[in-house]
Amino acid sequence: MRHLISPLDFSVEELDKLLALAGDIEKNPQKYAHVCDDKRLATLFYEPSTRTRLSFEAAMMNLGGKVLGFSSADSSSAAKGESVADTIRVVSCYADIAAMRHPKEGAALVASMASSIPVINAGDGGHQHPTQTLTDLLTIHSLKGRLGDMTIGLCGDLKFGRTVHSLIEALVRYANVRFYLISPEELRVPSWIREDVLEKNHIEYKEVERLEDALPELDILYMTRVQKERFFNEEDYVRMKDFYILDMPKLELAKKDMYILHPLPRVNEIAVEVDSDPRAAYFRQAQYGVYVRMALILTLLEVKLPC
Ligand code: NCD
């Protein structure tokens, strides 16, 4: 039985297959409409979510399956003090696969060790978010036709942004990928990303504070929101929250074939005027999230694929 806890749980070859499957699902959705008729997905969300939870649920429904679950810690037995290990043991009796989001780092890993069904990490604190990474890889591949040979700028809250950590970890496995890490001093990537991921793999990267210094060189700009819920005090958040605002004058500096991604939700970091620029890809990215989660469910459940 397999789980998806970290973006490295799939090899590059397995990822290629998964992205190809997601591509086929996009082209031929009807072919997959009943492949999970007898399956159930449990969504165990201890933290707020719109896209991740609903895209998982939509993905399972598109495959003909059913969904059950909860969308906040207070509506589950966590409020009574139940551990994630006990919860997943019980959920294993009700569902065939589970997606879990939790504010504690490592929660999905702990759950997977007690589970008799595949567990998907749908975000564990400020640590990892591997299914957003699958979404991001499918988006980049669909827009650019490749995952290597490019300069990627990640901008905003690189310290607490779990989507950033997982995306960097996944992308360093492709040839000739360079990074601009664009953040205020206080929100730089954690040292495990710098040392164990970037330096260990001899990846070229620059840490800069001004978005304008990186923009002209980028093939992909990955914007992120300042992660309010991970700050210890409100004052620091207020000081940081509008540090970056991508607007049309700044976008003038970018290449014509650069694409802007954002895991969403957006707060102020991308001006609404940018949405109509052809380079804005964040809403398309949310759509890709459904195809890739369909492909992931099929892969982890080892469903026999229609020919
Ligand atoms: C992200 C998350 O939850 O980490 N959202 C998402 O899943 N699309 C990013 C964020 O909340 O800023």
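In listed order, ligands and their atoms are each counted from 1. Quick note: residue numbers are just sequence positions, from 1. Note that the structure is a prediction, hence the values are computed from the model and not measured.
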Review point. Is it true that G123 lies under 4.0 Å from ligand 1, counting heavy atoms only?
Key: no
Check your understanding: Hey, does E47 sit under 4.0 Å from ligand 1 if you only count heavy atoms?
Key ->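 Under 4.0 Å: no for E47.
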Review point. Would you say the side chain of D149 lies within less than 4.5 Å of the side chain of R146, judging by non-hydrogen atoms?
Key: yes
Review point. Would you call L167 and T163 a side-chain contact if the rule is heavy atoms closer than 4.5 Å?
Key: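 Result no, sub-4.5 Å side-chain heavy-atom pair not found.
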Per-atom contacts of ligand 1 with [X], taking only distances under 4.0 Å to non-hydrogen atoms:
X: T52; answer: 6 (C), 7 (O)
X: P265; answer: 10 (C), 11 (O)
X: Q227; answer: 10 (C), 12 (O)
X: R225; answer: 10 (C), 11 (O), 12 (O)
X: L264; answer: 1 (C), 5 (N), 6 (C), 8 (N), 9 (C), 10 (C)

Distance in Å, [X] [atom1] paired with [Y] [atom2], rounded so as to fall on 0.5 Å steps:
X: R162; Y: T133; atom1: CZ; atom2: OG1; result: 11.0 Å
X: Y259; Y: K144; atom1: OH; atom2: NZ; result: 6.5 Å
X: Q285; Y: R51; atom1: CD; atom2: CZ; result: 9.5 Å
X: R210; Y: L215; atom1: CZ; atom2: CG; result: 10.0 Å

Review point. Would you say ligand 1 has an N or O under 3.5 Å from any N or O of R162?
Key: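 Yes: some nitrogen or oxygen of R162 is under 3.5 Å from one in ligand 1.
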Exercise for review: Check whether any N or O atom of H129, backbone or side chain, sits under 3.5 Å from an N or O atom of ligand 1, and answer yes or no.
Suggested key: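 Such a contact does occur with ligand 1.
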Review point. Testing N201, I152, L154 for side-chain contact (heavy atoms from CB on, under 4.5 Å) with I168, which one passes?
Key: L154
Practice item. Have a look at I220 and tell me which of I140, T151, T139, D136 forms a side-chain contact (heavy atoms from CB on, under 4.5 Å) with it. Key: I140
Exercise for review: Starting from atom 8 (N) of ligand 1, find the nearest protein heavy-atom neighbour and note its residue, name and distance.
Suggested key: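 Scanning the protein heavy atoms, the shortest distance from atom 8 (N) of ligand 1 goes to P263 O, 2.9 Å.
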Revision key, fill the gap. Among D124, V226, V267, T163, closest by heavy atom to atom 1 (C) of ligand 1 is T163
